[in-house]
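One structure is given below, encoded as structure tokens.
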Amino acid sequence: MRRIRFSDLSVRVINITFNTRFILARACQKLPPLEWMVDKMFFEGDDIQVLPRDAAIKNYQSGDVRELEVNAIVPTYNENTLVPSQVLKEMIKRSKYHFIMDNCICRTSNNCQDYPHDLGCLFLGKGSQRISSKLGRTVSASEAIQHVERGQKAGLVPIIGRNKIDSVWLSTGPKEELLSICHCCQCCCLWKMTPNLPEDMSSSFSPMEGVEINFNPELCNGCGICAHETCFVDAITIINGKVKRNQNDCRICGRCVEICPRGALNIVMHDDAIKNSLKRVEHLVDVEQE
């Protein structure tokens, strides 16, 4: 008789119930006991950063994107030379353990039509070595970095941090031993339910440290491209022919910046953004090499 692993059961449950997450999120808003239980089981201790896509960070002078080493001296005259994915690459370099999932559970469960199913999550930390080999494989640091670069080329938005739900469904042990790096699409991301969650739960999913969006209303013609199926947390609306961005809901993923045909939106990344972002991530799980 074939033995069923916990992760096998988890995958089946997620595939069946994935699109009910919005209903559950709204129920948590209305029922405090349910909110407490769901938070305790799946979200307690979470701290997840949404990193803007590298392509959304532009050099205003030359229009190009240039990557620097984390420890390099950043020119004070130009604060847009760093790229967010450096946070991912630095954490990968520090980690002894790297595990790549064969498939994205979100895109597979939602039968995504626009982005690759086989670009799964990347996990760092000791807990990653407890993930079933049926779901993915252990890789080298260089392979993990290539995976991050592939996510950028596919048009996906990276997120990094402690995501307790991953340690639960993958049965990896203590949440402190697993760091999640996901590449998310606007149509299938688990966190698309953020606007429906209670504030205490949704606040654990937040923008990268040290980035902000600037909006020039004079350049906006109200075309609405940035508002229609672009923002995965529905933070953008068009009012009286102009963009209205809800700053509390926006996670600064950069999709609107990339898609705007008139350059009305720009992301500013401050020169200490990489350092502050790493400081926020590195204490979440011990990924230092032994």
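For reference, positions follow the sequence shown, starting with 1.
In this structure, the separation between CG on Leu122 and CD on Glu143 is 11.0 Å, given to the nearest 0.5 Å. A distance of 10.5 Å separates CZ of Phe99 from CG of Leu178, quoted to the nearest 0.5 Å. Atom CZ of Arg26 is separated from atom CG of Leu34 by 13.0 Å, given to the nearest 0.5 angstrom. One finds the CD atom of Gln129 at 9.5 Å from the NE2 atom of His98 (value rounded to the nearest 0.5 Å). The distance from the CG atom of Leu156 to the SG atom of Cys182 is 11.0 Å, given to the nearest 0.5 Å. One distance of note links CH2 of Trp169 with CG of Leu135; it measures 5.5 Å at 0.5 Å rounding.
The main-chain N or O of Asn163 is never found under 3.5 Å from a side-chain atom of Lys175 such that the two would form a donor-acceptor pair. The closest donor-acceptor contact from the side chain of Ser95 to the backbone of Met91 lies at 3.5 Å or more, if one exists at all. The backbone N or O of Cys104 lies less than 3.5 Å from a partner atom in the side chain of Thr108, making a donor-acceptor pair. Gln247 places no side-chain N or O within 3.5 Å of a backbone atom of Arg245 that could act as its donor or acceptor partner. A distance-only check finds a donor-acceptor pair linking the side chain of Gln152 to the backbone of Asp54 [under 3.5 Å]. Side chain of Gln29 to backbone of Leu197: a donor-acceptor contact under 3.5 angstrom is found. Arg251 places a side-chain N or O within 3.5 Å of a backbone atom of Asp249 that can act as its donor or acceptor partner. Distance alone, capped at 3.5 Å, is enough to place a donor-acceptor pair between the Arg262 side chain and the Leu219 backbone. For Asn110 (side chain) and Cys112 (main-chain N/O), no donor-acceptor pair under 3.5 Å exists by modelled atom type. A donor-acceptor pair is defined here as one N or O able to donate and one able to accept, closer than 3.5 Å; such a pair exists between the side chain of Ser202 and the backbone of Glu199.
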Derivation and outcome, side-chain hydrogen bond (donor to acceptor under 3.5 Å, both in side chains), residues Ser204 and Asp47: CA-CA 5 Å; Ser204 65; Asp47 187 4; over 6 Å; no

message: Walk me through whether Ile252 and Val50 qualify under side-chain contact (heavy atoms from CB on, under 4.5 Å).
response: CA-CA 7 Å; Ile252 314 185; Val50 179; over 6 Å; no

query: Does the pair Cys253 and Phe232 meet the rule for a side-chain contact (heavy atoms from CB on, under 4.5 Å), with working shown?
result: CA-CA 9 Å; Cys253 69; Phe232 74 128; 4.3 Å; yes

task: Decide yes or no on side-chain contact (heavy atoms from CB on, under 4.5 Å) for Gln186 and Tyr115, but give the supporting numbers first.
output: CA-CA 10 Å; Gln186 67 269 29; Tyr115 296 92; 3.2 Å; yes

task: Given side-chain contact (heavy atoms from CB on, under 4.5 Å), test His270 with Glu212 step by step and report yes or no.
output: CA-CA 9 Å; His270 300 291; Glu212 58 184 270; 2.8 Å; yes

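Remark: Asp272 does not engage Lys279 in a salt bridge, criterion side-chain N to carboxylate O under 4.0 Å. The existence of a salt bridge linking Lys164 and Glu44 is confirmed by a sub-4.0 Å separation between a basic side-chain nitrogen and an acidic carboxylate oxygen. With respect to the salt-bridge test (charged N to carboxylate O, under 4.0 angstrom), the residues Lys153 and Glu149 do not qualify.
For the side-chain hydrogen bond (donor to acceptor under 3.5 Å, both in side chains) criterion with Glu177, the lone passing option out of Arg162, Arg130, Lys126 is Arg130. Remark: of the listed residues Ile181, Asp166, Thr172, Ile100, Asp166 is the sole one forming a side chain to side chain contact (heavy atoms under 4.5 Å, CB included) with Phe123.
Cluster membership check: Ile259 does not share its hydrophobic cluster with Leu51, using side-chain heavy-atom separations under 4.5 Å among Ile, Leu, Val, Met, Phe, Trp and Tyr. In the hydrophobic clustering of ILVMFWY residues, with side-chain heavy atoms under 4.5 Å counting as a link, Leu119 and Val157 come out apart. No continuous path of hydrophobic side-chain contacts links Met201 to Ile23 [ILVMFWY only; heavy atoms under 4.5 Å]. Ile225 and Val243 fall into different hydrophobic clusters, defined by Ile, Leu, Val, Met, Phe, Trp and Tyr side-chain heavy atoms under 4.5 Å apart, directly or through other members.
Contact of the Cys256 side chain with the Ile213 side chain is registered, since non-hydrogen atoms from C-beta on lie closer than 4.5 Å. Residues Ile274 and Met208 have side chains in contact (heavy-atom distance under 4.5 Å, counting atoms from C-beta outward). Taking the side chain as every heavy atom from C-beta outward, Pro52 and Ile57 approach each other to under 4.5 Å. Using a 4.5 Å heavy-atom cutoff, the side chains of Ile131 and Met101 are in contact. Contact of the His147 side chain with the Ile92 side chain is not registered, since no non-hydrogen atoms from C-beta on lie closer than 4.5 Å. No side-chain heavy atom of Pro84 sits under 4.5 Å from any side-chain heavy atom of Val211.
Among all heavy-atom pairs drawn from Cys250 and Pro207, the shortest one is O-CG, 3.7 Å. Heavy-atom minimum distance, Glu258 versus Ala55: OE1-CB, 3.3 Å. Nearest heavy atom pair, residue Thr17 against residue Val13, reads OG1-O, 2.7 Å. Between Val83 and Met269, the shortest heavy-atom distance links the atoms C-CE, 3.9 Å. Smallest separation of non-hydrogen atoms from Pro116 and Arg150: CB-NH2, 4.3 Å. Here the closest non-hydrogen pair linking Ser206 and Ser203 is CB-O, 3.9 Å.
In this structure, Arg21 satisfies the cation-pi test against Phe18, with its NZ or CZ atom closer than 6.0 Å to the six-membered ring centre and inside 45 degrees of the ring normal.
The ring-ring contact (aromatic ring centres under 6.0 Å, His included) check on Phe205 picks up Trp191, with sequence neighbours excluded. Residues meeting the side chain to side chain donor-acceptor pair (under 3.5 Å) test with Gln146, sequence neighbours left out: none.
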